[in-house]
Number of protein chains: 2
Amino acid sequence: MIEEILLFQIDKTSKVAKQYSQREFDRLGLNITVEQWILLKIVHESNHISQKELAEKSLRDPASITRTLDLLQKKELINRLPIPENRRQYNINLSKKGAAFVQKNMPIVDAHRKKSIEGLSEKDQQTLNNLLKRIQENMN
Amino acid sequence: MIEEILLFQIDKTSKVAKQYSQREFDRLGLNITVEQWILLKIVHESNHISQKELAEKSLRDPASITRTLDLLQKKELINRLPIPENRRQYNINLSKKGAAFVQKNMPIVDAHRKKSIEGLSEKDQQTLNNLLKRIQENMN
DNA sequence: CAGTATAAATTGATATATCAATAATTGATA
DNA sequence: TATCAATTATTGATATATCAATTTATACTG
């Protein structure tokens with residue numbers, strides 16, 4: 001039975017959480033996807049980052065990053081700044097609008113995170129983290 | 001930091017495991033995606049199942065199931081059997097070729113599952129399962 | 001029985017995932 | 001320095017995710 005497989009439950013947990021956040025984003029009319037939010041958050045946490053680094057941090061494909069950044073640029077939430085010394089890559093950063101957007105909605109997303117671990121002790125969280133890390137290493 | 005968020009690690013674990021299996025599938029020339037395999041496995045486990053039920057069991061959207069079944073049908077791995085008493089739905093089952101395919105490759109996929117939990121005791125696995133279930137409930 | 005609601009599958013539109021191929025640039029080296 | 005290799009981003013092709021709308025069929029209700 002597929003439900004008994006741990007990897008299936010891991011995937012399910014990820015999906016359920018993502019769907020919850022997406023529904024909330026939609027309900028609040030944020031006009032953004034969870035993947036887009038994650039990129040904004042990473043850009044917010046790093047001043048000046050390349051697309052390659054963004055891909056690594058977000059665990060996504062560079063091709064996918066290109067396309068999502070196109071959307072975020074269309075929404076005027078991020079900028080692609082040319083780097084004179086290296087014309088192969090851009091520095092990605094938040095626009096004013098993007099920074100305000102992240103600022104405003106960070107509490108909402110943080111509430112989702114908190115909700116996800118409701119009832120889990122510090123120790124529970126550490127345990128879970130450790131077990132996940134071990135599975136990740138097994139699959140390397 | 002996004003790496004410190006449990007949901008991020010959960011998502012990462014799911015991605016890493018899926019990528020591992022997909023690479024193996026590709027390496028062996030199975031010509032199938034992980035999502036397609038999951039559908040085949042569920043169909044294998046249930047004699048006669050509707051697309052709606054398949055969507056529920058696989059945690060996927062009915063629209064997505066339609067498209068993936070189209071591909072599996074093109075590969076002649078599954079059949080859509082019309083139900084005379086209810087012409088709104090089909091019974092999905094494995095073709096001879098599909099049954100042979102599942103039979104042949106089940107050991108491979110099972111090895112991936114085993115690899116993923118290498119070094120985890122029975123108790124570890126139960127703990128992990130419980131923690132995941134609690135997060136799932138939190139996000140409902 | 002007619003009209004309406006519900007249900008299952010499909011289709012369309014848009015976003016994401018992934019691999020392969022390509023373009024432009026930079027680095028390495030003979 | 002000229003050539004070749006490696007790097008970064010982009011594009012194309014195909015599969016999947018999701019929502020809304022549609023189609024076809026069945027169920028319900030007055």
Side-chain angles (χ1 to χ4, degrees), chain A residues 11-12 14-27 29-40 48-56 58-75 77-78 80-92, chain B residues 11-12 14-27 29-40 48-56 58-75 77-78 80-92:
Chain A
D11 191 49
K12 177 171 182 178
S14 180
K15 281 182 174 170
V16 166
K18 227 172 254 182
Q19 285 162 351
Y20 178 90
S21 286
Q22 189 64 62
R23 270 197 307 272
E24 285 298 297
F25 286 3
D26 293 348
R27 192 177 62 78
L30 298 195
N31 186 30
I32 201 173
T33 69
V34 171
E35 327 297 333
Q36 289 169 16
W37 169 265
I38 291 171
L39 288 198
L40 289 182
H48 299 312
I49 187 169
S50 69
Q51 297 190 195
K52 178 181 156 60
E53 291 169 321
L54 256 182
E56 284 161 2
S58 63
L59 315 176
R60 292 173 56 188
D61 194 273
S64 199
I65 299 298
T66 291
R67 282 151 185 149
T68 300
L69 287 181
D70 287 347
L71 295 173
L72 291 172
Q73 206 167 14
K74 220 173 275 172
K75 294 181 193 172
L77 295 173
I78 61 115
R80 279 179 166 106
L81 301 178
I83 308 175
E85 318 88 59
N86 186 347
R87 289 181 300 168
R88 266 180 321 196
Q89 58 182 27
Y90 299 105
N91 274 330
I92 310 299
Chain B
D11 191 48
K12 177 171 183 178
S14 179
K15 280 180 175 171
V16 167
K18 226 173 255 185
Q19 284 162 352
Y20 178 90
S21 286
Q22 189 64 62
R23 272 197 306 272
E24 284 299 297
F25 286 3
D26 293 348
R27 192 176 63 76
L30 298 194
N31 186 30
I32 200 172
T33 68
V34 171
E35 327 296 332
Q36 289 169 17
W37 170 266
I38 290 170
L39 287 198
L40 289 182
H48 300 314
I49 187 170
S50 68
Q51 299 189 194
K52 178 181 157 57
E53 290 168 321
L54 255 182
E56 284 160 3
S58 63
L59 315 175
R60 291 174 56 190
D61 194 272
S64 199
I65 299 298
T66 291
R67 282 150 185 151
T68 300
L69 288 181
D70 287 347
L71 295 173
L72 290 173
Q73 205 167 14
K74 221 173 272 172
K75 296 181 194 172
L77 294 172
I78 62 112
R80 279 178 165 104
L81 302 177
I83 308 175
E85 318 88 59
N86 185 347
R87 288 182 301 167
R88 267 181 319 196
Q89 60 182 28
Y90 300 104
N91 274 330
I92 309 299

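Only this structure's heavy atoms are used, side chains among them; waters, hydrogens and symmetry mates stay out. What you see is a predicted model; the values in this text were computed from it and never measured.
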In terms of side-chain geometry, is the basic nitrogen of A/R80 or A/D70 positioned less than 4.0 Å from the acidic oxygen of its partner?
yes
With B for base contact, S for sugar-phosphate-only contact and - for none (protein heavy atoms under 4.0 Å), nucleotides 14-27 of chain D reads -SSBBB----BBS-
Under a 3.5 Å distance rule, please check whether A/K75 uses its side chain to pair with a backbone N or O of A/N31 as donor and acceptor.
yes
A/L40 vs A/I32, side-chain contact (heavy atoms from CB on, under 4.5 Å): CA-CA, chis, key distance, verdict:
CA-CA 10 Å; A/L40 289 182; A/I32 201 173; 3.5 Å; yes
Quick one, B/K18 and A/D11 - any side-chain contact, counting heavy atoms below 4.5 Å?
yes
Check against side-chain contact (heavy atoms from CB on, under 4.5 Å), A/R23 and A/R27
CA-CA 6 Å; A/R23 270 197 307 272; A/R27 192 177 62 78; over 6 Å; no
Going through the checks in order, is the side-chain contact (heavy atoms from CB on, under 4.5 Å) test met by A/R60 and A/I38?
CA-CA 11 Å; A/R60 292 173 56 188; A/I38 291 171; over 6 Å; no
Identify the stems formed by DNA chain C, where each pair is Watson-Crick or G-U wobble with both distances under 3.5 angstrom and a stem is at least 3 consecutive pairs.
C:1-30 with D:1-30
Round to the nearest Å and state the distance from B/K52 atom NZ to C/dT10 atom P.
14 Å
Begin with the C-alpha distance, continue with both residues' side-chain angles, and end with the deciding distance and a verdict on side-chain contact (heavy atoms from CB on, under 4.5 Å) for A/L81 and A/H48.
CA-CA 9 Å; A/L81 301 178; A/H48 299 312; 4.2 Å; yes
CG of B/N91 versus C1' of C/dA9: gap in Å, rounded?
14 Å
How far apart are the closest heavy atoms of A/S50 and A/Q89, and which atoms are they?
CB-OE1, 3.9 Å
